[in-house]
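The structure under discussion appears below in the form of structure tokens.
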Amino acid sequence: MLEDIRLAAGDTTFLQMVGISRGSSRALCFVTDTSQSMSDDIAVVKTVTNSIIKSNKGTENKPSFYILVPFSDPGFGPLIRTADDTLFKDIVDHLTATGGGDNEEMSLSGLQLALSSAPFNSDIFLFTDAPAKDKHLKNTVIALIERTQTVVNFMITDSVVTNRRKRSNGNQPQTRMIAESDAQLYRDLAQASGGQAIEVTKAELPAATTIITQFARLSVVTLLQASRSLGQTDSFNFIVDETVSNPTVYITGRSLTFTITSPTGASQQSTDSTGSLITSTTTVGNFKTLQLQKQVGQWGIRIESDNPYTLRVIGQSPVDFLFDFVEPSEGPFDGFDSLDTRPRAGVNGRLLVSITGSDSATVTEVALVQSSKGSEETLGVVESQGNGNFLVQVDVMPVVEFVVRVKGRVQGSSNDFQRQSPTNFRASNLTLTANSENVFIPGTLLSVPFTVASNGPDGNVTIRASNSGGFESTFPTILFLEGGNSTNGTVTLSAPKNTPSGSDVILTIEAESPDGTDSNYIMLRFSIINSFNDFTHPECELLNRESNCTENCSLTAWEIYVRVTDSEAGVDRVDLIQGNGTFNTSLEAGNAGITLVSYAASCCAPEMEMLVVDRVGNVGTCRFTARDSVSIGVSQSLFLCLSIVALGHFIFKLSEH
């Protein structure tokens with residue numbers, strides 16, 4: 001089955017499906033406002049994209065694939081995802097700035113679409129000069145950020161202090177600007193993801209995009225992530241170990257000062273014009289970048305400000321960690337299942353931590369660190385599970401927002417390493433569960449029952465549901481919940497009959513407490529599978545064979561002509577999988593569902609085999625030789641759509657374990 005799927009999907013796609021790919025496993029993802037006032041910003045996106053593609057082509061830094069989501073008003077998308085850097089460059093080069101009749105744009109809808117399609121632990125860059133029209137999606141976006149552990153960086157031009165000029169539908173100039181409250185929405189989302197909300201003028205934007213080229217590098221790790229929503233003085237520590245290169249500090253905020261202290265005790269202030277600790281400094285708008293001299297050991301940074309600020313310290317290192325909140329598996333196998341919701345607050349919890357980039361690294365400490373108001377820590381008990389995996393038991397899950405920090409040591413190293421999740425997490429007193437099939441058939445109603453429970457007071461729980469496909473849905477907006485009990489509801493989805501088979505959709509269900517101070521979500525992924533009964537692979541008909549093969553094979557050749565047909569769905573493609581001759585395909589005149597094949601080769605290579613795939617994924621192989629007048633029937637068929645879905649869900653669950 002795996003071999004047939006590999007043949008049908010191709011080597012590159014198959015290896016990506018099972019989590020094996022050359023170079024970076026991350027995607028380069030842009031979510032871009034394409035309204036009329038964004039022409040300067042789009043030009044910067046083109047320049048940055050071209051630079052990254054050119055510098056990374058053929059190297060291990062090359063992204064595994066590229067994602068682009070345009071948005072404006074009233075539309076957003078389509079999502080474009082490709083591993084072909086030349087194609088992506090061409091698509092970006094053809095972006096234009098048009099439309100956008102009012103001030104607000106569908107920025108969060110575009111971001112939701114990107115988050116639903118990007119791989120876990122990705123970096124997304126959103127470009128806009130407009131407030132969000134779809135602010136109601138804020139909690140949905142935060143849920144996607146938490147579940148995918150994706151970092152979102154906002155490149156905001158002309159906010160608050162600079163007027164934004166757009167034309168109305170009547171072509172009359174209008175002056176627009178992003179108000180403080182609108183900019184704060186973007187700052188909140190950036191803070192939740194561990195990203196930056198970079199606010200610059202359009203003229204400053206090219207200088208600010210250096211952050212994109214830095215994150216396009218291989219093996220970027222987070223050493224420290226913190227934010228302060230209220231201006232205050234605070235001190236932070238981080239460790240630079242032997243494996244880390246290019247330590248870099250990002251600070252967003254205005255009117256602040258800082259002091260950097262090295263492991264040797266030397267210090268350098270932001271007001272110092274010279275110093276040995278900071279090799280370069282760049283300030284653009286509210287965004288400051290500090291390039292540090294590498295010194296192994298514990299560093300410190302003290303920030304003084306009366307305004308909110310964020311701090312992130314990164315470096316390059318092969319050593320990093322992955323983790324998920326888990327619960328004991330209720331299936332037939334021992335182990336743990338990843339939570340599709342927030343962990344429960346105030347009770348014990350579990351994390352499964354995996355170290356990447358080293359076979360000899362061990363974890364010595366895992367802490368849940370308060371992220372936005374202070375630095376209180378909740379330490380977990382670490383138990384090795386072997387093979388670089390560690391189970392972490394936490395007695396009481398925090399009720400405040402937190403990040404995950406891991407410390408450990410690589411065998412042979414004299415210093416500990418420190419890594420931190422950029423994403424902010426929170427626990428909840430609400431429990432949300434849902435069960436449904438993983439397959440969604442277009443043209444039919446999909447019912448997803450869910451249950452909400454809480455130990456809080458009686459009251460009305462607010463329910464929200466959204467899906468990444470934009471499909472029609474119904475759900476109760478209010479459910480009455482008695483304290484200590486549970487209540488039930490159902491979400492129904494309907495997808496058009498022409499929805500492509502093989503795509504997927506993420507359904508996010510949210511529940512908010514009666515007083516609005518607590519919420520939880522559950523995310524469910526469904527595979528779109530059209531209902532059909534075609535299980536027959538394409539057939540090969542030998543039209544002609546010409547062969548003058550003799551004992552001296554190097555002086556003779558053979559040639560065949562074959563018609564490939566499929567009576568049901570039609571032929572999707574024909575590929576040569578064995579043979580080194582000249583292989584050509586063409587469509588039969590007047591019938592796009594039939595493929596004609598010609599093949600010519602030396603008699604020294606007397607065999608050929610080709611793969612035939614129809615439009616619903618049935619696979620067969622056809623084999624011909626120079627000396628036989630008929631094809632050898634070694635074809636196989638497989639209902640690949642369902643097989644790929646089943647295998648995909650199996651691999652997804654396997655990766656969770």
Side-chain angles (χ1 to χ4, degrees), residues 76-77 79 106 108-109 111-117 134-148 327 330 337-344 428-454 456 459-482 485-514 516 518-531 645 648-649 652-653:
F76 61 94
L79 180 139
M106 303 292 284
L108 298 196
S109 296
L111 180 55
Q112 178 188 14
L113 185 58
L115 285 164
S116 301
S117 302
D134 41 11
K135 300 177 181 66
H136 63 280
L137 290 176
K138 177 181 179 180
N139 287 339
T140 301
V141 168
I142 290 177
L144 284 164
I145 286 171
E146 288 185 20
R147 188 68 189 90
T148 62
E327 61 184 358
E330 296 182 357
D337 290 331
S338 295
L339 294 179
D340 294 319
T341 70
R342 287 174 174 153
R344 188 177 171 188
S428 175
N429 288 306
L430 291 171
T431 302
L432 189 58
T433 57
N435 291 298
S436 184
E437 297 292 333
N438 292 324
V439 173
F440 187 4
I441 300 176
T444 66
L445 285 179
L446 175 68
S447 295
V448 183
F450 65 90
T451 300
V452 185
S454 174
N460 289 324
V461 176
T462 301
I463 303 297
R464 289 181 288 267
S466 62
N467 67 87
S468 60
F471 300 142
E472 292 185 3
S473 64
T474 61
F475 56 90
T477 57
I478 296 291
L479 290 175
F480 180 75
L481 178 61
E482 294 181 353
N485 290 319
S486 62
T487 186
N488 300 317
T490 300
V491 176
T492 60
L493 291 178
S494 176
K497 289 185 177 180
N498 61 352
T499 305
S501 187
S503 58
D504 60 11
V505 60
I506 292 178
L507 171 64
T508 305
I509 306 173
E510 305 166 55
E512 185 177 288
S513 63
D518 191 12
S519 65
N520 204 345
Y521 66 84
I522 188 166
M523 289 177 54
L524 304 170
R525 185 184 294 269
F526 301 94
S527 296
I528 306 296
I529 299 297
N530 285 310
S531 179
V645 169
H649 284 293
F652 181 71
K653 296 302 291 183

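Each residue takes its place number in the sequence, starting with 1.
Judged purely by atom type and a 3.5 angstrom limit, Asp337 has no side-chain atom pairing as donor or acceptor with the backbone of Glu327. A donor-acceptor pair under 3.5 Å is formed between the side chain of Ser116 and the backbone N or O of Gln112. Panel note: side chain Asp518, backbone Ser428; no donor-acceptor pair is recorded below 3.5 Å. Looking at Ser468, its side chain does come within 3.5 Å of a backbone N or O of Ile506 through a donor-acceptor pair.
Rounded to the nearest 0.5 Å, atoms CG (Leu108) and CG (Leu113) are 12.5 Å apart. We find the CD1-CG distance between Ile509 and Leu524 to be 5.5 Å, quoted to the nearest 0.5 Å. Separating the CD atom in Glu510 from the CZ atom in Phe450 is a distance of 11.5 Å, to the nearest 0.5 Å.
Arg147 and Thr341 share no donor-acceptor pair across their side chains, judged by distance under 3.5 Å alone. Thr508 and Thr140 share no donor-acceptor pair across their side chains, judged by distance under 3.5 Å alone. The closest side-chain donor-acceptor pair between Ser454 and Asn429, if any, does not fall under 3.5 angstrom.
Ser109 meets the side chain to side chain donor-acceptor pair (under 3.5 Å) test with Asp134; sequence neighbours excluded. Every side chain to side chain donor-acceptor pair (under 3.5 Å) that Ser513 has, sequence neighbours left out, goes to Asp515. The side chain to side chain donor-acceptor pair (under 3.5 Å) test applied to Arg464 returns Glu512, not counting sequence neighbours. Every residue two or more places apart in sequence or in another chain that forms a side chain to side chain contact (heavy atoms under 4.5 Å, CB included) with Ile478 is listed here: Asn460, Thr462. Looking at residues two or more places apart in sequence or on another chain, you find a side chain to side chain contact (heavy atoms under 4.5 Å, CB included) between Leu446 and Ser436, Phe440, Val448, Leu493, Phe526.
Residue pairs meeting the salt bridge (charged side-chain N to carboxylate O under 4.0 Å, His left out) criterion with at least one member in residues 488-508, sequence neighbours excluded, are Asp504-Arg525.
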